[in-house]
Undergrad: 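Structure incoming, see below.
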Amino acid sequence: MWIRRLTVANWRGLDCELSELSPGLNLIHGPNEAGKSRLVEALRFALFERSSGRSAHKKALASWGLAPGKPRVSVELELGGVTWTLDKEFLGSGHNTRLRSDRQTLEGADAEAHLAELLGVRPGGRTEQRPEDRGIWSLLWVDQGSSRDAPLPNDLSQARLHDRLTQEIGEVAAGRLGQQVLRRAQELRERFYTASRDAEKAILTEPREAVAQLRHRLSEAAARRDAVAADADALDGLRARERDLSVRVGEAEQRLGDLRGLNEQAMELGRQLDLYEEQVQSAESRREQALAALQAAEELTAEASRLAERTNEATMARYAAERARANAQQAADEAARLAADAEAQLGRAERELRELEHRRERLRRREQAEDLRSRLAAATQAEAELRRIQTELAALAPVAARDLEALRRAEQTLQAARARLEGASVSLELTALRELEFGGETLAPGTIRRVLVEDEQHLDLSGIASITVKPGGGELPKLRDAVRDAERHWLERLETLGARDLADAERIVEHRRVLEADLTRCRQDLERHLPEGREAAESRLHALEAALAADGDADVAPVSAEALEAAREAVRQASQQREARRAAREVAHEVLAAARETAAVRRAELQSLERQLAGVEQRRRTLPDPATLRAELAAAERAWAGRLAARDELEQRFDALGGDDIQLDLERAERAWEQLGLELQQVRVECARLQARLESAGDDGRHELVQELEAELLRSEAELAGLLRQAAAARRLHEVLLDEYERARERLAEPVIARIRPYLQSLFPHTEVWLDEDLNLRGLRHRDTDQPFEALSGGAREQLSLLVRIGLAEVLGADEPWPLVLDDVLVNTDAERIRLVQRLLYQAGRRMQILLFTCHGPLFDGLGADRRIELPAPNRGGRPQIAAVGAVSGRDA
Amino acid sequence: MTSTPSSDNPGPLRLLHTADWQLGLRLSFVGGETAARLRAQRFDTVRRIGELARERAVDAVLVAGDVFDDNGVGADTVQQARDALEAFGSVPVVLLPGNHDPATADSALRRLGEFRPNVVLALEREPVRFVRGPAGRLERLHDRDDACAPVLEVYPCPLLARHTWDDPAAWLPARTHGAAVRVALAHGGALDFGESVETPNRIDVDGIVRRGFDYVALGDWHGVYPVGPRAWYPGAPEATRFKEKRPGHVLLVEIDGPGATPRVEPVPVARTRWLTEAVELHDDAALEALAARLGELPEKSWTLLELIVTGQLSLAGRARLDNLLDEFRERLAHLRADTDGVSDVPSDADLETLRGEGYLGCAIERLRSGGDPLDAEALRLLYRLIEERA
């Protein structure tokens, strides 16, 4: 289909005609308000809105201004090789539609219906027609301001597209059968699973829960049945035990009775045994008493005999001791006499010795006094010499040997200083050759004067010359000072020592040495004469002289040493004898004392023994005689043996019955019998308890219940398994169907994509258009990323939307091309891209009619439109002047 | 067995030997009302046995254990047992505890009680002696009256506990005197029946016979089985499982006298029919044959069938099989169908049906080639959906 002509009148103030439109690319441009949008609107009303009715969108069409009249539109179009003229007048009464061809003319509703059929749209209604009712035209038609919207196929256009694509690729994505089956499979699946989360529905969860509950109930019922059975088993076991215990209790009772009888007998025997035991003990006691009496008597006899023997021995010993004491007395007396003699002899010898020693002492004192007097005289002489030397020494100048050495060093220092001074001075010898004045004196010719110049000196030669001599090169004053210092030092030392010169000093020192040697010798002599000191010697002399005076002046015969020694020897011997006699006397006294003591002891011993013997003899007389005692003992022993034998016999009988253990056995048997009885009682109680429980469980049909539940569970499980199998099959079927359906739809979109691909590469290189299975534009696909349509820029969306529309229009127009109506579709596209888009439009215009309305005419100068119509600027009066440029292309119009 | 007794010559001793009634058993795999019907049928079968006993004028009925399914059965079960036992009239019935209803403290038999003079509970290891009464009927001898010579001595071997491994017949004494027919009544395994577990309460049958017993009336094995000429299992009168061999009988035993070899006749009494069949299906014709076979089954409401189906079926055939099985699940007392061995192979006609346009073809191909059992199930479902729409 393509539109040959469009004429509008009274269309909101516009009267205009677009004639000789090209079946290819048409550009209709003009400034704002030129009527471009009204033309598009009029074309839309012509094609899709019915002429009858006065609803709001139609009322809005009424013209204003100077040209009253009904809005009219007339379209001439080619479709299926037939030229149709469509006239519509709006806001009139009834249908004002006429559709004419060279074969037929339809009017009113028929015309509207036929037109809708020709265009593939739903007939217009009272209200404004919705895009979804416009079929493929929703893809082919872009109103102003919708350029950025993606083409949105409606059900009509989708069906047309699918038909076309099915034809083209030779397969259907889903025919009616396919759709129905898919829908039915989904219903089946949703019978079991929720659509949103694919979760199990009650049809599955309820039986599953029922199975779980049944399992639980069954396990409880089986447990109860088993518990009753276990009680029964336990009761049987207890009854067997009760039977066994009853027998054992009977046996224990029998055993207990036997033991009680035995115990009675044993207790009687025990009592007799106690009696016999007492008798045995009594006989034994008597036997022991008789034996003790006999033994005591025999012991006394032996004791008396022993004591008599010891008394004899003691008497003999006493006599011997008395004799020894008398002998000792005699010896002691003799020793005392001898000791007195020795004592007298010693006194005489001592007196003689004392006389001799007294004489000798007087002689020795006279000698000592003489010696002291001579030593005192020599000492007095030595003391006088000593004083003389000390006086001489005190008169000597105080020159010591070390002072002499210092003096020598001072003199050497002085001489050295003088020599240095002399070496530095100038010796002048002046010989007067004529009379002249020199140094204040007049020198005759030939006079020689020697001058030692020791300092800077001006020598006036009586007006002849004045000579200045400077000796020593300036060092002279220093040398002179050194000589002066040395001299002073030397003189000070001499003065201090009191010497005239060095030789004098040396003489003084020598003299002092001689005097000091003499002094030492004098002192040594003094020491030798009176080593104890003069005072002690004189005191000693006085004492001796006093003693000598007391001795008297009588002559004393000399005492020889031999006489003295003999006297001493006599004293020594007398003394030794006296000591020996004294010792002998002491020994004799000691012997006597010991003899006396021994005699006393013997006497006491004898007395003691005599007393003991008397006592024993006294006791012996009180006892019976041993023969009587022996007879008594024999009788007691016979009685004891008899009792013992009787008791042993009884004891054997007691032991034969079980002895002391029988009581223990009886206790044990009683305890065992009681325990068994208790156990039996407990078993009986437990039996009764279990019996009661069994009876209460009774015949409640627990087995039937278990069986019912087992059957119910089996059935429910089978039912559940069947449902699960069905559910799984339904889900699987729906999954596979849906998957294959979507794949088929993707295959269906492929021809559309292939058509768009060449256009796309110039605008969006390396991309693929992204269409979903319903041919909705979703965006762009890069190699590995998808870019949603909504995320693209306004310009890109506009361009991509246009490309897809062209592609879809090509698919739809494979047999009969359909026009694209584009009202200002590139408002968001930059100039560079508009040039690219123009190329695409040009290519598309080879295959379909394109009506491109724009208010930016100059932008499309390079479009190469087959027909170019410029709408004039608004002109309030008269029809617009249409300036047409271009011509119908070479296609068959 | 044709001999008929008279008052002068009472003829051979005639016994009815049965066991394993398991009254109160509920078949867990059978659902709904059928389960209740089958449970009630066990009592009716006891009545039928009672009628048989009277018809065949037996001297005594010996029930060799497992009278009840469990000692925990309810009062109604016990009462129904009493009611059913009335069918035996005055014929002595000796009831022995088995491993299902041992003579423990909770014994169901004890609760049943010796409610009629002819009902004898053999709960102790004591011989039960019978003398022939004036009318030629056997009467129980209650004391050791040597003046009365018993004609029949029944030596019961009751199980006294739930879990024992001893031979319950070990106590049986050897014959010492008397001219009575001696019958041992025992419950347990006499043979290794090839079960994987060891048989508890193993009974030494040869030992019993050597001790001078004329017949050993056994219970526990659910199919008729002669252990020897003097020892038989009668099997359960109504089966309890599919795997049981020759269930549904009682034994009529005639013994001419002590030492005589018994004559044993199995007599069917079961109402329920337990069948196990294996079918291999490869085409629709076989399927139709199966349908015919099922259709021809007599007394379907009393028939329990275990059907093992193998082979390959088209999707249409598989749907037909499923429908068939569904139908007979309703009509039979119980149908246990094992179809795991059936694989679905879409036929050309199936594929024609499934030749869906567009994506459907891809989906079908994917489900066919998946190899996952779930895919096969999904494919069957898809087939059904397409069929529904058609």
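The model shown is predicted, which means the values in this text are computed figures rather than measured ones.
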Undergrad: Go through the atoms of B/Val73 and report whether side chain, backbone, both or neither lie under 4.5 Å from a heavy atom of chain A.
TA: both
Undergrad: Side-chain contact test, heavy atoms from C-beta onward, threshold under 4.5 Å: evaluate it for A/Glu242 versus A/Arg684 and give yes or no.
TA: yes
Undergrad: Could you have a look at A/Asp739, A/Leu713, A/Leu709 and say which one has the most heavy-atom pairs with chain B under 4.5 angstrom?
TA: A/Asp739
Undergrad: Quick one: are the ring centres of B/His100 and B/Phe68 less than 6.0 Å apart?
TA: no
Undergrad: Chain B heavy atoms under 4.5 Å from A/Ala730: which part of the residue, side chain, backbone, both or neither?
TA: both
Undergrad: Using side-chain heavy atoms (C-beta onward) and a distance below 4.5 Å, is A/Cys687 in contact with A/Arg239?
TA: yes
Undergrad: CG of B/Leu304 to CH2 of B/Trp274: how many Å apart, nearest 0.5 Å?
TA: 4.5 Å
Undergrad: How many angstroms lie between atom CD of A/Glu768 and atom CD1 of A/Ile753, to the nearest 0.5 angstrom?
TA: 6.0 Å
Undergrad: Among A/Leu188, A/Asp700, A/Asp231, A/Val228, which residue forms the greatest number of heavy-atom pairs with chain B at distances under 4.5 Å?
TA: A/Leu188
Undergrad: With respect to chain A, which residue among B/Asp76, B/Val78, B/Thr77, B/Asp69 yields the maximal number of heavy-atom pairs within a distance under 4.5 Å?
TA: B/Asp69
Undergrad: Looking at B/Phe29, is B/Arg336 sitting on its ring face, NZ or CZ under 6.0 Å from the six-membered ring centre and within 45 degrees of the normal?
TA: yes
Undergrad: Are A/Glu679 and A/Arg241 close enough for a salt bridge, meaning some N to O gap below 4.0 Å?
TA: yes
Undergrad: Are A/Glu686 and A/Gln691 close enough that some pair of their side-chain heavy atoms sits under 4.5 Å apart?
TA: no
Undergrad: Which bit of A/Arg225 comes within less than 4.5 Å of chain B, counting heavy atoms only: side chain, backbone, both or neither?
TA: side chain
Undergrad: For the side-chain contact (heavy atoms from CB on, under 4.5 Å) test, which of A/Leu214, A/Leu723, A/Leu724 pairs with A/Pro207?
TA: A/Leu723
Undergrad: What distance separates B/Thr272 OG1 from B/Leu27 CG, expressed to the nearest 0.5 Å?
TA: 8.0 Å
Undergrad: For chain A, find which of B/Ala376, B/Gly24, B/Gly31 contributes the most heavy-atom pairs closer than 4.5 angstrom.
TA: B/Gly24
Undergrad: Can you tell me which of A/Arg184, A/Arg715, A/His734 forms the most heavy-atom pairs within a distance under 4.5 Å of chain B?
TA: A/Arg184
Undergrad: Output yes when a side-chain donor or acceptor of B/Thr339 lies under 3.5 Å from a complementary backbone atom of B/Val342, and no otherwise.
TA: no
Undergrad: Any side-chain heavy atom of B/Leu332 within less than 4.5 Å of one from B/Ser301?
TA: no
Undergrad: For chain A, which candidate among B/Leu160, B/Asp372, B/Val30, B/Leu367 shows the most heavy-atom pairs at distances under 4.5 Å?
TA: B/Leu367
Undergrad: Most heavy-atom pairs under 4.5 angstrom with chain A, which of B/Asn71, B/Leu374, B/Leu379?
TA: B/Leu374
Undergrad: Just checking heavy atoms, which of residues 106-114 of chain B are less than 4.5 Å from chain A?
TA: B/Asp106, B/Arg111
Undergrad: Heavy-atom pairs under 4.5 Å with chain B are the metric here; pick the option from A/Gln726, A/Arg725, A/Glu710, A/Arg743 that has the most.
TA: A/Arg725
Undergrad: Mark yes or no: B/Arg37 above the aromatic ring of B/Trp302, with NZ or CZ under 6.0 Å from the six-membered ring centre and no more than 45 degrees from the axis.
TA: yes
Undergrad: Sort B/Asp70 into side chain, backbone, both or neither according to what part of it lies under 4.5 angstrom from a heavy atom of chain A.
TA: both
Undergrad: Please flag which part of A/Leu737 lies under 4.5 Å from any non-hydrogen atom of chain B: side chain, backbone, both or neither.
TA: both
Undergrad: Counting only heavy atoms closer than 4.5 Å, note whether A/Glu708 contacts chain B via side chain, backbone, both or neither.
TA: both
